[in-house]
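Note that the coordinates shown come from a computational prediction; the quantities given were computed from them, not determined experimentally. Letters A, B, ... mirror the listed sequences (proteins, then strands); counts begin at 1.
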There are 2 protein chains.
Amino acid sequence: MAVTRKQTPYHHRGLREALIASGRTLLEEKGLRGFTLRECARRAEVSHAAPAHHFDSINDLLAEIATRGFGELAAAMSAEARRAGTDASARLVGQGLGYMAFAAAHPMLFRLMFNRETDDFETPALAAAAKAARELHFAAVETAIPQATAEVKVRMSDFAWATVHGFITLVLDSQIGAGESSRALKARSLAMLAAMAETVVRSGRVPD
Amino acid sequence: MAVTRKQTPYHHRGLREALIASGRTLLEEKGLRGFTLRECARRAEVSHAAPAHHFDSINDLLAEIATRGFGELAAAMSAEARRAGTDASARLVGQGLGYMAFAAAHPMLFRLMFNRETDDFETPALAAAAKAARELHFAAVETAIPQATAEVKVRMSDFAWATVHGFITLVLDSQIGAGESSRALKARSLAMLAAMAETVVRSGRVPD
DNA sequence: TGCTTAATTTGACAGCAGCAAGATTGGATC
DNA sequence: GATCCAATCTTGCTGCTGTCAAATTAAGCA
């Protein structure tokens with residue numbers, strides 16, 4: 001009985017990782033609506049039912065991809081903040097830049113991470129990864145306005161995040177800067193971040 | 001030959017509108033991922049192929065639903081701005097409130113309107129409706145800071161929109177205020193809008 | 001070696017979008 | 001009023017999809 005299957009072994013061994021990888025490129029190519037478990041399997045050169053042994057459902061795979069996305073997002077934020085030096089305000093801007101750069105580089109992944117439509121693929125790990133990114137951001141705001149009250153800190157953290165998230169989201173959805181050069185867009189982003197940081201820092205100065 | 005079909009006539013007459021209506025409730029119930037042309041047809045008590053005569057594809061129906069959504073969004077913004085009175089800053093806050101209220105009332109529709117994944121259901125009418133809402137917002141910002149340069153006006157329009165859009169988006173995606181009472185959430189929204197309006201107005205006062 | 005278990009396969013089911021061909025209706029024309 | 005046409009809707013297909021069940025293969029361990 002000649003093994004007609006190519007030289008690929010029956011046991012893939014690293015299928016779980018392979019599926020996450022192929023799933024991620026597929027997501028980036030086709031978007032969530034074009035995302036297919038069977039296509040993931042095809043790209044990993046494996047039968048259509050193989051993924052079932054590594055992921056309970058298609059949502060499970062999506063959750064894993066999103067979870068890792070949050071890890072990368074946090075890393076991108078940290079890296080840019082570090083590059084920005086020691087000034088707290090500059091670090092806040094840097095973190096925002098990292099956030100936007102990640103979203104621009106992986107738009108579909110970014111959408112998946114936040115577009116928690118019906119919560120039907122919420123996972124403890126996913127929730128924890130999202131929370132970690134949030135806390136990274138909150139810490140940066142806290143450092144920028146150490147003397148502010150806890151309530152103001154929370155408020156400004158919301159504010160800064162909403163600004164950055166809203167802007168890049170609208171850009172990705174072609175609502176802002178459609179047809180503009182990436183150079184012009186970058187200038188717009190920086191202006192946005194500057195306005196954000198200024199408002200945050202000012203809130204720390206005003207006694208109430 | 002007894003007519004086994006119920007008393008419903010062969011020609012539905014208002015099928016296009018019926019599909020838009022059933023599609024919209026379906027969307028709100030199941031989200032974009034659970035949205036199905038056949039289920040729309042079923043709810044309109046019509047065969048699965050009937051929609052094809054009114055919409056080229058499922059994306060066509062979604063585009064029409066999204067287009068009407070933008071009309072309603074603009075109406076909600078205008079109504080709240082009117083309620084806010086004549087002060088330009090208050091009107092800006094009111095518009096933001098209307099925006100958020102619409103999104104909170106129709107979260108899935110709101111997501112559909114903006115989640116323009118692969119642009120595969122972009123339509124001239126949809127683009128125009130989105131643009132109308134944008135211009136409504138820009139006009140409000142312009143009125144609030146009439147003496148500012150054109151560039152600052154654009155910048156602040158982006159800024160204000162990003163703030164409001166980002167905040168409500170994060171709330172809908174359970175990233176902000178998860179598990180909070182709607183009362184507390186409303187307070188957070190108002191604080192957010194106040195910070196936004198203050199920044200906009202200040203940008204109009206500073207000479208550059 | 002043989003046995004157990006994990007990993008993968010094939011095959012099936014129901015549901016989906018879109019297409020084609022037939023059935024029914026409403027309205028215009030004669 | 002009768003006839004024809006175009007619009008509307010239905011049934012039935014094709015090739016997808018996710019998920020399940022059963023069969024097959026490989027790996028690890030005694």
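- Picking from D:dC9, C:dT9, C:dA20 the nucleotide with the shortest atom distance to the side chain of B:A49 gives C:dA20.
- B:L15 has its CG atom 15 Å from the P atom of C:dG26, to the nearest Å.
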Contacts under 3.5 Å, N or O only, protein and nucleotides 13-17 of chain D:
residue : atom : partner : partner atom : Å
D:dT17  : OP2  : A:R42   : NH2          : 2.7

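- Under the 30°/60° scheme for interplanar angles, the aromatic rings of B:F102 and B:H106 are found to be tilted.
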*Test log, rule side-chain contact (heavy atoms from CB on, under 4.5 Å), inputs B:V141 and B:H137*: CA-CA 7 Å; B:V141 171; B:H137 168 65; 3.8 Å; yes
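- Summarising the geometry, the separation between CG on B:D60 and P on C:dG18 is reported as 10 Å, rounded to the nearest angstrom.
- Pairing each heavy atom of B:A148 with each of B:V152, the nearest pair is CB-CG1, 3.9 Å.
- Separating the CG atom of A:L61 from the P atom of D:dT19 is a distance of 10 Å, rounded to the nearest angstrom.
- Atom CG in B:L26 sits about 14 Å away from atom C1' in C:dG15, given to the nearest Å.
- A salt bridge links B:R188 with B:E180: at least one charged nitrogen is closer than 4.0 Å to a carboxylate oxygen.
- In this entry the distance linking CZ of A:F55 with C1' of C:dA6 reads 16 Å, nearest Å.
- Residue B:H54 places none of its side-chain N or O atoms closer than 4.0 Å to OP1 or OP2 of D:dA7.
- B:H53 places its NE2 atom 16 Å from the P atom of C:dG26, with the value rounded to the nearest Å.
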_Criterion side chain to side chain donor-acceptor pair (under 3.5 Å) on A:Y99 and A:H165, from CA distance to verdict_ = CA-CA 8 Å; A:Y99 193 97; A:H165 185 82; 2.8 Å; yes
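- Side-chain atoms of A:S57 come within 3.5 Å of backbone N or O of A:N59 as a donor-acceptor pair.
- In this structure, CG of B:L62 is placed 10 Å from P of C:dG18, rounded to the nearest angstrom.
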